[in-house]
Amino acid sequence: MPFFAGNDTIKELRTALADPAVQADKNRYRQVLRRVVSLMTDGADMSPLFPDIIKASATSDLVQKKLTYLYICNYAAVQQDLALLAVNTLQKDCLEPNPMVRGLALRTMCSLRIPSLVEYIQMPLKKGLQDSSAYVRRNAVNGCAKMLHVAPEIIQDAGVINQLYGMIRDKDPIVVVNCLQVLEEILQAEGGVVVNKNIAHYLLNRVQDFSEWGQCQVLHFLLKYKPSEEEETFDIMNIVDVCLKHSNSGVIMAALKYFLFLTQDMPQIQEQVYNRAKSPLLNIITSGGPELSYVALCHIQYILKTSPGLFNKDFKKFFCRYNDPLYVKTKKLQVLTEMATDGTENDIVEELSMYCTDVSNDLATASIQAIGKIARRLPTSASHCVGTLLKIHGLQQEHITSAVLMALKDLVLLYPDIVSKVTPLLPNCVDLVQEGPAKATLVWMMGQYGHTLPNGPYILEDMIENVASEISVQVKLELLTATAKMFFNRPAECQDMLGRLLEYCIDEDTNMAVRDRALMYYRLLHTDVQQARRVILGAAKRPVQIQDSDAPGQEVIDLKDLNTLVPIYGRRRWDVMVEERRRKEDQTKLTNGTSDNTDMGAKGGEEDNLETLEETIYLVSHYNLTPQEFETKWEQLDCVTTVHLDYDPTHSPNGLLQKLEGAHIFTMASSPEDATPWKAFLFAVAELKDPSHAGGTVSGQDGSHHAGYLQV
């Protein structure tokens, strides 16, 4: 649990930092600094020690420098005035002979992100880009990305951009990758970094020098260059071919994406690329961990939409292993369903039927659904699949019987000749099936084909007797339709039960959908029985075409989606997630938009109040106010305005108060973090303009006070 330091702890640490005996002992001094950083990490407010830590940063000990610089980066935004004191030490460290010290100091300066300190950072940053040490150059390049959000006009200068382009040819591979990433961010508005022929060939010739992460990034940026000649394309493919043999799955997927990009205008060559990438993908599935296997399966399923027969000869490698987690097994079932052909259907269906007895009901249900999909996709395999489903039905287990019924529902519509095999099984399912969707399917099949059974009407009659206890609305709707259909086929046996069902649904059922359907049937029967027959049974004998939306070969993949999260989540779901994330970010910006500025304004409901707040109010950065003075001011000041803002409950109230303090709005008192509602009393002191100082400002006891009350 996080713990919070009090005044005694602050005094103890300040005393230890100033103790000459502790300063003389390097290890003891490190322990004190480690304790400060530990308390800071746990959420304690260590900002009062800022001057002491700045003094401690002036040391030759590298460990002490790392600890003090970490502290300074964390509290520089809160102590912006005192942060200026650290700049002198940082600038001196940027000139140290030790490259580790230079790089650490430069990284710290760029991490301060204080606009008023940009002028002190600009020169060390430009020198760091030309430093002889690769470590310093790495930090300098990353510093350009950090400074882009503080002083974009400096980083977007043509000189800096040209220098970064020149550093793409740096001898250190990490510097090269960092330059590409930083240029992509700086030039985002212009479409990102430009990769011409010379840059592309240079990166390709050095592709083996980069780390695994670096190779992935380089291959990603190479997508920005399209070779103009076919011979050049083949030369590039020969260079990158080694990446397909890499042990890292990320490099393999990046290389595959690049190969498909190069051959998108050459369908025959692209088919060879698929065959070339087949072996690495299968190796990931068989030898990788479950997470990697799942990602590879998602990409294989995505590729099958363009090349359905790619893995036909290797379908057995997609069979489930005993130690596969459920999500991997489920994905393998989906892939097996899509790659099934007339030649492999028997083996795949036989394997799927074995999963129906798995201890996991979800896997058993998914395997039965997979058999049904194969039967719908391959008409020649329908007889074999139906026979397998009928055998599975004999296991007499509720979840299996329910899944078999739902799979057979589509098949009897698509292949009417199997109705005679399915109908005799329906009476045995009545006692087993209790689940809503499966029971609705059973009732539908009884209404559609149950009239051929000797006891068909009586099975429905038992359901009608218990209709009052039925919870599922879907089952009630199907029962109404099934009873009406049975009435037209066997009227003498069904007239009385149909009347009782209509009476209950119209007079007693509370669901409007059930009541409306019962009223429609009742009025149809009273108006014209023959017309009612045509309405209810009109489409019963027409053949139905069912087409799976996920069948392979129906859409062309987008190359941009490979090696991303799109094959895992799906394009539609991913677009929804991106839009939802963008909406939350926009809402967060609106919620926190006023907390980062020291300029304050308010909107009142009256015109005279608005006139008094037209000018910008500048707040005093430091001010001590006693509780008695606060209470006096609270009673004296009038309420100018009340503002209601949305607040994200996942954010800590103490974090909100820290942001307000950074905007020079101080807290007099607040509730505990877990209090409901949470309250805080705040105050700020405005600087007053002195007419005798030509627009200058003075502050002090005569400053204008503003008090506020915050409730969450």
Side-chain angles (χ1 to χ4, degrees), residues 393 396 398-399 401-406 408-410 412-413 416 419-420 422-542 544:
H393 172 269
Q396 296 294 306
E398 180 181 356
H399 68 282
T401 303
S402 299
V404 169
L405 280 176
M406 297 184 72
L408 290 174
K409 176 185 176 181
D410 294 334
V412 295
L413 290 173
V419 172
S420 58
V422 174
T423 305
L425 302 177
L426 298 181
N428 299 329
C429 301
V430 176
D431 295 332
L432 282 174
V433 177
Q434 300 297 327
E435 185 185 356
K439 190 173 182 180
T441 300
L442 173 61
V443 174
W444 176 86
M445 296 181 73
M446 286 297 304
Q448 197 78 3
Y449 311 108
H451 60 276
T452 60
L453 298 173
N455 60 340
Y458 307 105
I459 294 175
L460 290 180
E461 187 174 16
D462 292 339
M463 296 182 182
I464 293 171
E465 293 295 333
N466 300 317
V467 69
S469 60
E470 180 60 52
I471 300 175
S472 174
V473 174
Q474 185 182 3
V475 172
K476 292 180 181 180
L477 293 173
E478 292 293 351
L479 186 58
L480 275 169
T481 304
T483 307
K485 289 180 179 180
M486 187 73 73
F487 167 75
F488 290 116
N489 288 296
R490 298 170 68 168
E493 298 167 279
C494 299
Q495 182 176 358
D496 180 64
M497 70 174 73
L498 178 60
R500 285 187 280 115
L501 179 60
L502 291 175
E503 181 181 5
Y504 169 80
C505 293
I506 293 172
D507 295 339
E508 299 184 33
D509 201 278
T510 57
N511 186 272
M512 293 302 297
V514 176
R515 184 174 179 273
D516 288 347
R517 181 172 294 190
L519 280 171
M520 183 185 72
Y521 288 167
Y522 176 79
R523 290 166 181 168
L524 277 172
L525 291 169
H526 266 269
T527 303
D528 188 344
V529 175
Q530 293 303 319
Q531 184 66 23
R533 181 186 184 91
R534 284 193 293 272
V535 170
I536 297 175
L537 298 180
K541 303 300 181 182
R542 295 180 183 175
V544 178

Tell me if a side-chain donor or acceptor on [X] pairs with a main-chain N or O of [Y] at a distance below 3.5 Å.
| X | Y | result |
| --- | --- | --- |
| T452 | Y449 | yes |
| N466 | S469 | no |
| R515 | C505 | no |

Checklist line | Residue pairs fulfilling salt bridge (Lys or Arg N to Asp or Glu O under 4.0 Å) with at least one residue in residues 439-454, sequence neighbours excluded | finding: K439-E470

Next item on the list: Only pairs at least two apart or in different chains count here, so list each salt bridge (Lys or Arg N to Asp or Glu O under 4.0 Å) that has a residue in residues 521-530.
Entry: none

With side chains defined as the heavy atoms from C-beta onward, is the minimum distance between [X] and [Y] less than 4.5 Å?
| X | Y | answer |
| --- | --- | --- |
| K485 | I536 | yes |
| E461 | P457 | no |
| L442 | M463 | yes |

By side-chain hydrogen bond (donor to acceptor under 3.5 Å, both in side chains), which residues pair with [X], not counting sequence neighbours?
| X | result |
| --- | --- |
| D496 | R500 |
| D509 | K476 |
| R490 | E493 |
| Q474 | none |

Output all residues satisfying side chain to side chain contact (heavy atoms under 4.5 Å, CB included) with [X], sequence neighbours left out; order by chain, then residue number.
| X | value |
| --- | --- |
| Q495 | F487 |
| A532 | F488, L524, L525 |
| Q396 | H393, L432 |

Checklist line | All salt bridge (Lys or Arg N to Asp or Glu O under 4.0 Å) counterparts of E478, not counting sequence neighbours | finding: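 Listed in chain order: nothing, the list is empty.
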
Kindly give the heavy-atom pair with the smallest separation between [X] and [Y], and that separation in Å.
| X | Y | answer |
| --- | --- | --- |
| G450 | M486 | C-CE, 3.7 Å |
| A518 | L480 | N-CD1, 4.0 Å |
| A440 | V475 | N-CG2, 3.8 Å |
| L405 | C429 | CD1-CB, 4.0 Å |

Next item on the list: Scan I506, L460, V467 and name whichever one has a side-chain contact (heavy atoms from CB on, under 4.5 Å) with L501.
Entry: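 Of the listed options, the one satisfying the test is V467.
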
Next item on the list: To the nearest 0.5 angstrom, please state how far the CG atom of L502 sits from the CG atom of L519.
Entry: 9.0 Å

Note to self: Rounded at 0.5 Å granularity, tell me how far CZ in R517 sits from CG in N511.
What the structure shows: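 Atom-to-atom, R517:CZ and N511:CG are 10.5 Å apart.
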
Next item on the list: Would you kindly say whether R533 and Q530 are connected by a side-chain donor-acceptor distance under 3.5 Å?
Entry: no

Check: When you look at Q448 and T481, which way does the side-chain contact (heavy atoms from CB on, under 4.5 Å) test go after all the steps?
Finding: CA-CA 9 Å; Q448 197 78 3; T481 304; over 6 Å; no

Check: Under the side-chain contact (heavy atoms from CB on, under 4.5 Å) criterion, do D462 and V430 qualify, and how do the steps go?
Finding: CA-CA 10 Å; D462 292 339; V430 176; over 6 Å; no

Checklist line | Within residues 496-530 or reaching into it, pairs that qualify as ring pair (Phe, Tyr, Trp, His ring centres under 6.0 Å) - sequence neighbours excluded | finding: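 Qualifying pairs: Y522-H526.
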
Item checked: CA sep, side-chain torsions, deciding dist, call: L453, M446, side-chain contact (heavy atoms from CB on, under 4.5 Å) -> CA-CA 9 Å; L453 298 173; M446 286 297 304; 4.3 Å; yes

Notebook entry, point to check: Which residue pairs pass the side-chain hydrogen bond (donor to acceptor under 3.5 Å, both in side chains) test when at least one of the two sits in residues 422-432, sequence neighbours left out?
Noted result: none

